[in-house]
Amino acid sequence: MARLLMIVSGARAMTLADGKEHPTGYWAEEVIEPYRRFTEAGVDLVVATPGGRSPQADPWGLEPFFHYPQLDEDFMFTVFRSFAQHAEDIRVTFHHFSELNLVASRRVYLALADAGMDRLAARELVESAAREAWRLDTDFIEILSGIGAVTDRLPRARLAGIRDEVWGDSEAEARRVAEALAAIPELQHPRSLADLGDEEILSFDGVFIPGGHGPMVDLADDPDMGRILLLMHEADKTIAALCHGPAALLAAPQVDGAWLFDGYKVTAFTDEEEDQTQAGQVGMPWYLEAALKNRGAVFDDGDAAWVSHVVVDRNLITAQNPG
C-alpha cells in the first residue's frame with residue numbers, strides 16, 4: 001500500500017498591507033478533492049501540520065463561486081476558449097467567472113435546445129453572448145435578456161431562474177464541502193511535523209502540499225518542513241505542491257551552496273492571479289512567484305491566468321492553481 005504524507009498549513013491569519021490580520025488557512029478544494037481521491041485509491045494517508053494544530057479552511061475558499069457544479073464550470077471554460085484563436089490572447093480574470101454569471105452558459109444552452117433551437121445555433125449564440133459579456137464586463141444574463149432570439153424562447157424570468165438555480169447549487173456544494181472537511185478525522189487531529197522522525201518520514205512514498213495562503217505564513221520558513229523536503233528529495237521520493245503549496249519549497253535548505261530546488265522548473269499561483277484575489281487586492285506581504293524566481297526556480301506558468309497547468313521536473317510536481 002502506498003503511503004503519503006499530506007502537509008497542511010495550520011495558519012489561521014495573515015498580516016496584509018493594511019496592517020490588519022486577515023483570516024486564512026488551507027484551500028478547501030485543494031484538500032477535499034485530493035483527500036477523496038487518495039483515500040478511494042487505498043492510499044495510507046497521514047495529515048500533518050506545524051505543531052499539530054488543527055487546520056482551518058480559508059473562509060473565502062468556501063464562497064459559492066469556488067464550488068460551481070463541475071459540469072457547469074467545465075462548460076464555462078470551453079466557452080472561454082472560444083473568445084480568441086490563441087489561448088495566450090484570452091485574458092480571463094477571477095472577476096469574469098465569479099461575478100458575471102457566465103457559469104450559467106451550459107444551462108442556458110440546454111434550455112435553448114429544449115425550447116427548439118438548433119443545438120449548433122444555441123451554442124454559437126451562447127458563445128457570442130458570453131464573449132460580449134466578457135468584452136463589455138457586463139452580466140451574461142443581462143446580455144441574453146436583450147437578444148430577441150433568446151427571449152422568444154426563454155422569458156427574462158426563466159433566464160433569471162437559471163442564474164439562481166446554478167447559484168443555489170453552488171451554495172449547496174460549498175456547504176457540503178465545509179461539512180465534509182469537518183468530518184475528516186485526520187484534519188481534526190493532525191500529526192505534528194516536529195514529531196515525525198526521519199525514519200518515519202522516509203517510510204512515505206511521497207509528500208503532497210495543498211495551497212491556500214496558509215503555507216506562505218507557516219510553511220515557507222518552517223525548519224521541520226525543510227527537514228522533510230531534504231529527506232524526501234535525497235531519497236528521490238515524489239514531492240508535489242499545489243497553488244500556494246510551493247511556498248513550502250522555500251523552506252528547503254541549501255546543499256553545496258545552492259537551494260535544494262535551484263534550477264528546477266516549477267509553477268505556482270502567479271503574481272497576476274494573486275492581484276485578483278481578495279488578499280491581493282488589499283496587498284500581499286510578498287508574492288510567491290517572485291519569491292520562487294528569486295530563490296532560483298525556473299518559473300513556468302500556463303498560457304493565461306486561471307488555466308490548469310502542471311509542471312513535472314524530476315521528482316518534483318507543481319501545479320499553478322486549483323484547476
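One is the number of the first residue; the rest follow in order along the sequence.
Using cut-offs of 30° and 60° on the angle between ring planes, the pair Trp306 and Phe94 is tilted.
Looking at Ile228, Val207, Asp224 one by one, the single match for side chain to side chain contact (heavy atoms under 4.5 Å, CB included) with Ile201 turns out to be Ile228. Checked against His309 for a side-chain hydrogen bond (donor to acceptor under 3.5 Å, both in side chains), the options Asp300, Thr267, Asp303 give a single hit: Asp300.
Open room surrounds NE2 on His189; 12 or fewer heavy atoms of other groups in view lie less than 6.0 Å from it. Applying the 6.0 Å contact sphere to CD of Glu40 captures more than 12 heavy atoms from other residues, nucleotides or ligands. Atom NZ of Lys237 is surrounded by more than 12 heavy atoms from other residues, nucleotides or ligands within 6.0 Å.
Interatomic distance, CG of Leu144 versus CZ of Arg158, reported as 12.5 Å (0.5 Å rounding). Rounding to the nearest 0.5 Å gives a distance of 10.5 Å between CG of Leu250 and CG of Leu219. Once rounded to the nearest 0.5 Å, the distance linking CG of Leu154 with CD1 of Ile147 reads 11.0 Å. Rounded to the nearest 0.5 Å, atoms CD1 (Ile239) and CD1 (Ile7) are 9.5 Å apart. Summarising the geometry, atom CD belonging to Glu132 is positioned 12.0 Å from atom CG belonging to Asp137; distances are rounded to the nearest 0.5 Å. A distance of 11.0 Å separates CD in Glu29 from CG in Leu181, rounded to the nearest 0.5 Å.
Between Leu316 and Leu249, the closest side-chain pair of non-hydrogen atoms falls below 4.5 Å. Looking at heavy atoms from C-beta onward, Thr277 lies in side-chain contact with Trp60 at the 4.5 angstrom threshold. For the pair Thr24 and Met216, the minimum side-chain heavy-atom distance is 4.5 Å or more. In this structure the side chain of Phe140 reaches within 4.5 angstrom of the side chain of Val108, judged on heavy atoms. You'll find the side chain of Phe299 reaches within 4.5 Å of the side chain of Thr270, heavy atoms only. Side-chain contact between Gln320 and Glu273 is present, with heavy atoms from C-beta onward closer than 4.5 Å. Residues Leu292 and Tyr264 are not in side-chain contact: their nearest non-hydrogen atoms beyond the backbone lie 4.5 Å or more apart. Residues Glu73 and Gln70 form a side-chain contact, since some pair of their non-hydrogen atoms from C-beta on lies under 4.5 Å apart.
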- Item | Verdict with reasoning, His96 to Thr93, per side chain to side chain contact (heavy atoms under 4.5 Å, CB included) | CA-CA 5 Å; His96 287 126; Thr93 68; 3.1 Å; yes

- Message: Applying ring pair (Phe, Tyr, Trp, His ring centres under 6.0 Å) to Tyr68 and Phe97, what does each step give before you reach the verdict?
- Response: CA-CA 10 Å; Tyr68 291 144; Phe97 63 78; 7.4 Å; no

- Quick one: do Val47 and Ile184 satisfy side chain to side chain contact (heavy atoms under 4.5 Å, CB included)? Show the steps, please. CA-CA 10 Å; Val47 176; Ile184 295 175; 5.9 Å; no

- Walk me through it: do Tyr26 and Leu187 pass the test side chain to side chain contact (heavy atoms under 4.5 Å, CB included)? CA-CA 11 Å; Tyr26 65 83; Leu187 287 176; 3.8 Å; yes

- Stepwise, does the salt bridge (Lys or Arg N to Asp or Glu O under 4.0 Å) test hold for Glu179 with Arg176? CA-CA 5 Å; Glu179 292 167 358; Arg176 186 198 68 77; over 6 Å; no

- Task: Would you sort out whether Arg106 and Asp74 count as a side chain to side chain contact (heavy atoms under 4.5 Å, CB included), showing the intermediate values?
- Result: CA-CA 9 Å; Arg106 184 183 76 92; Asp74 290 346; over 6 Å; no

- Which is it for Trp27 and Phe66 under the ring pair (Phe, Tyr, Trp, His ring centres under 6.0 Å) test, yes or no, and what are the steps along the way? CA-CA 10 Å; Trp27 202 249; Phe66 291 118; 4.7 Å; yes

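Across all non-hydrogen atoms, the minimal contact from Gln254 to Trp259 is CG-N, 4.0 Å. Nearest heavy atoms, Glu21 versus Ala13: OE1-CB, 3.4 Å. Taking both residues in full, the closest heavy atoms of Val307 and Asn321 are given as O-ND2, 3.0 Å, listed atom of the first, atom of the second, then distance. Heavy-atom minimum distance, Asp205 versus Met1: OD2-O, 4.3 Å. Of all heavy-atom pairs spanning Leu62 and Ala174, the tightest one is O-CB, 3.3 Å. Taking each heavy atom of Glu30 and Pro210 in turn, the nearest pair found is O-CB, 3.4 Å.
Taking 4.0 Å as the cut-off between side-chain N and carboxylate O, Arg81 and Glu127 do not count as a salt-bridged pair. The residues Arg107 and Asp169 are annotated as salt-bridged, a charged nitrogen and a carboxylate oxygen being separated by less than 4.0 angstrom. Taking 4.0 Å as the cut-off between side-chain N and carboxylate O, Arg227 and Asp198 count as a salt-bridged pair.
Defined by atom type and a distance below 3.5 Å, a donor-acceptor pair is present between the side-chain atoms of His244 and Glu274.
Figure legend: cation-pi geometry between Arg295 and Phe261 absent, as NZ or CZ is not positioned both under 6.0 Å from the six-membered ring centre and within 45° of its axis. Both tests pass for Arg123 against the ring of Phe75: distance under 6.0 Å to the centre and angle within 45° of the axis. Cation-pi check for Arg131 over Phe83 is not met; the charged atom does not lie both under 6.0 angstrom from the ring centroid and within 45 degrees of its normal.
Under a hydrophobic-cluster definition in which Ile, Leu, Val, Met, Phe, Trp and Tyr are linked whenever side-chain heavy atoms come within less than 4.5 Å, directly or via other members, Leu202 and Leu260 are assigned to the same cluster. Note on Val150: it clusters hydrophobically with Val79, by side-chain heavy-atom contacts below 4.5 Å among ILVMFWY residues. Tyr109 and Leu100 fall within a single hydrophobic cluster, where Ile, Leu, Val, Met, Phe, Trp and Tyr are joined by side-chain heavy atoms under 4.5 Å apart, directly or via other members. Residues Tyr287 and Val282 share a single hydrophobic cluster, defined by chaining ILVMFWY side chains whose heavy atoms lie under 4.5 Å apart. Under the 4.5 Å side-chain heavy-atom criterion for grouping Ile, Leu, Val, Met, Phe, Trp and Tyr, Ile162 is connected to Leu110 within one hydrophobic cluster.
Between the Ser128 side chain and the Glu124 main chain, no donor and acceptor come within less than 3.5 Å of each other. Using modelled atom types, one side-chain atom of Asp118 and one backbone atom of Ala121 make a donor-acceptor pair closer than 3.5 Å.
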